[in-house]
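Per chain, numbering begins at 1; letters A, B, ... match sequence-line order.
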2 protein chains.
Amino acid sequence: MLKEERQQFILNEVRIHNKVLLTDMADLLNVSVDTVRRDIKELDRSDQLKKVHGGAVSLGFNNYNPIGKKIYSLEKKALIAEKAMSLIKEGQIILLSGGTTNLELARRLPSKMKLTCFTPSLPIAVQLLSKTNIETIFIGGRLSKDSQITIGGSAINMLSEIKVDICFLGTNSIHPTEGLTEFDWEIVQMKKAMIHSSRKVVSPCISEKIGSMQRYKICGAEDIDVLITELEPWDAKLEAFKNMNIQLL
Amino acid sequence: MLKEERQQFILNEVRIHNKVLLTDMADLLNVSVDTVRRDIKELDRSDQLKKVHGGAVSLGFNNYNPIGKKIYSLEKKALIAEKAMSLIKEGQIILLSGGTTNLELARRLPSKMKLTCFTPSLPIAVQLLSKTNIETIFIGGRLSKDSQITIGGSAINMLSEIKVDICFLGTNSIHPTEGLTEFDWEIVQMKKAMIHSSRKVVSPCISEKIGSMQRYKICGAEDIDVLITELEPWDAKLEAFKNMNIQLL
DNA sequence: GCATGATTTGCAATTTAATGCCATTTTTTT
DNA sequence: AAAAAAATGGCATTAAATTGCAAATCATGC
């Protein structure tokens, strides 16, 4: 196998997953990690990806958390995404907020399923490009560099003009009494607008985030219709949500 | 077997597989690897493929943009992008249409330059994410899967609400008398709206596209302010544009 | 037909590049 | 602070490139 092929492969993996692990690449390509490291170093020097400790990430899609940890919670997010899939039916209009869990969901949407999909998230839009039967409508606005979604008046304005069947609301913090909270004020505004534009609100949320709280409130826990976690339905952490008319998945 | 035949065969293999191994070719053609090496060297010198350690790959083998399309005539586009850079000044508000030439331009924008940048192009937005001082505003709308830009009423609407200093209008076809033309009607609408929102219209355009024509008209050649090509200013192809009050770069 | 010169091809010696391995240092995680 | 994972730099091994050279092939003009 040519060096160029290998590098192309790595680049391709990065394009698809937004990140790669050195060890995975070494495994898949049957070369030593040193070689992959050298390849990634070259690709980094030629600005085709960004080298990070343990692997590489695609340019622009900055992974602020270390890559190893990310992979770990990725499994939970994958599980949540699988569950979320069961809520989606052919022909529906859905709205995907940002966040890596929703990105996992977007990745899993079958190419053959006819859907209309609104999103303010750049990585999700990129992911949806490859799904031939999904019509993607991007919510325009000012791009926030760290969350990689559009925010601001123009985006909220565009949201105010739509009504979708289901909104998958990437959730950073959820608390039985305090509800859904966020660190960033502008994102709060976006999420409020999203809830307002949706008939049904689904909150995919990994268990670590249950019970946590941040500065600004988006809505009460009772305002969401479905809570999806990677936990089994009888888990203690979910107890507090059981008499709230929330469907637990 | 003639040398010509052999080289044609190699070229064909490259076209089909995007790569060839030196040893495979030597085997298939029953000649020594030295011969194949010499053939590949010749083909490389005449720009028909790219020679690499151990074989050859097709031209443009690793010219991928962030979303995964190959960029052809990268060199020319890079040159145009460099020229275009000279038109941009700190603090300006610019509008970048889609197209790979503009993508090259976006790639070159210095991270430290303060700019506000509107774009309906997904790859360009991704590229701009990593530029810390550039505020990016994404024009929302329906995403066209092949051009990877947003189109449709919503996008045009958003464009109608802005006014920028310079618009870099990726150009598919330009003709001295027929003006700028496009194949896709929806993109025509977008480009018309972009022109309308801009004080100054710049058309970066590789020389192959000069003189060509497509189905729908965007605007007359005289409606653009600057034409940037990779050619020298005295090139014959540019003659027709010289008495049109267009700045040539 | 065949001698001549140019081109093409294969071979061998040498140089260069790619890869893997390992000891050491740095970074990350616990 | 200790342990684990990853990065770095040096070195050895192997594969490939380069160069020079000689043999083979070819076109040509006589």
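Neither side chain, A:Lys209 nor A:Thr171, offers a donor N or O lying under 3.5 Å from an acceptor on the other.
Between B:Thr35 and C:dG10 there is a side-chain polar atom (N or O) within less than 4.0 angstrom of OP1 or OP2. Between D:dT18 and B:Lys51, a contact under 4.0 Å exists linking OP1 or OP2 to a side-chain N or O. OP1 and OP2 of D:dT8 both lie 4.0 Å or more from every side-chain N or O belonging to A:Arg38.
Judged purely by atom type and a 3.5 angstrom limit, A:Ser97 uses its side chain to pair as donor or acceptor with the backbone of A:Gly170. Between the side chain of B:Thr116 and the backbone N or O of B:Ile93 there is no donor-acceptor pair closer than 3.5 Å.
A salt bridge links A:Asp39 to A:Arg6: at least one charged side-chain nitrogen sits closer than 4.0 Å to a carboxylate oxygen. Comment: B:Glu208 engages B:Lys76 in a salt bridge, judged by a side-chain N to carboxylate O separation of less than 4.0 angstrom.
As rounded to whole Å, 12 Å separates atom P of D:dA17 from atom CG of B:Asp44. Atom CG in B:Asp27 sits about 13 Å away from atom P in C:dG10, given to the nearest Å. Spacing between atom NE2 of A:His53 and atom P of D:dA5 amounts to 11 Å, rounded to whole angstrom units. The distance between atom CG of B:Leu21 and atom P of D:dA17, rounded to the nearest whole Å, is 10 Å. One atom, CG of A:Leu2, and another, P of D:dA16, lie 10 Å apart when rounded to the nearest Å. Remark: P of C:dG10 and CG of B:Leu29 are 11 Å apart, rounded to the nearest angstrom. Straight-line distance from the CE atom of A:Met1 to the C1' atom of C:dA18: 15 Å, rounded to whole Å. One atom, CD of A:Glu4, and another, P of C:dA18, lie 8 Å apart when rounded to the nearest Å.
Just one of B:Lys3, B:Arg37, B:Lys51, B:Gln48 meets the side-chain hydrogen bond (donor to acceptor under 3.5 Å, both in side chains) condition when paired with B:Glu42; it is B:Lys3.
Counting distance only, with no hydrogens placed and no angle test, the side-chain atoms of A:Arg37 and the base atoms of C:dG20 include no donor-acceptor pair under 3.5 Å.
For B:Asp34, the listed nucleotide lying nearest its side chain is C:dA12; candidates were D:dA6, D:dT8, C:dA12. Residue A:Thr23 places its side chain closer to D:dA6 than to any other of D:dA16, D:dA6, C:dT19.
Counting non-hydrogen atoms under 4.0 angstrom, B:Val52 reaches the backbone sugars and phosphates but no base. Across all strands, A:Val31 comes closer than 4.0 Å only to sugar-phosphate atoms, never to a base (heavy-atom distances).
Here the side chains of A:Gln247 and A:Asp225 are not in contact, with every heavy-atom distance at 4.5 Å or above.
Toward the 5' end of DNA chain C, the nearer of the two residues B:Glu42 and A:Val36, judged by each one's closest nucleotide, is B:Glu42.
Inter-axis angle, ends of the helix from C:dG1-D:dC30 to C:dT30-D:dA1, five pairs per end, rounded to 10 degrees: 40°.
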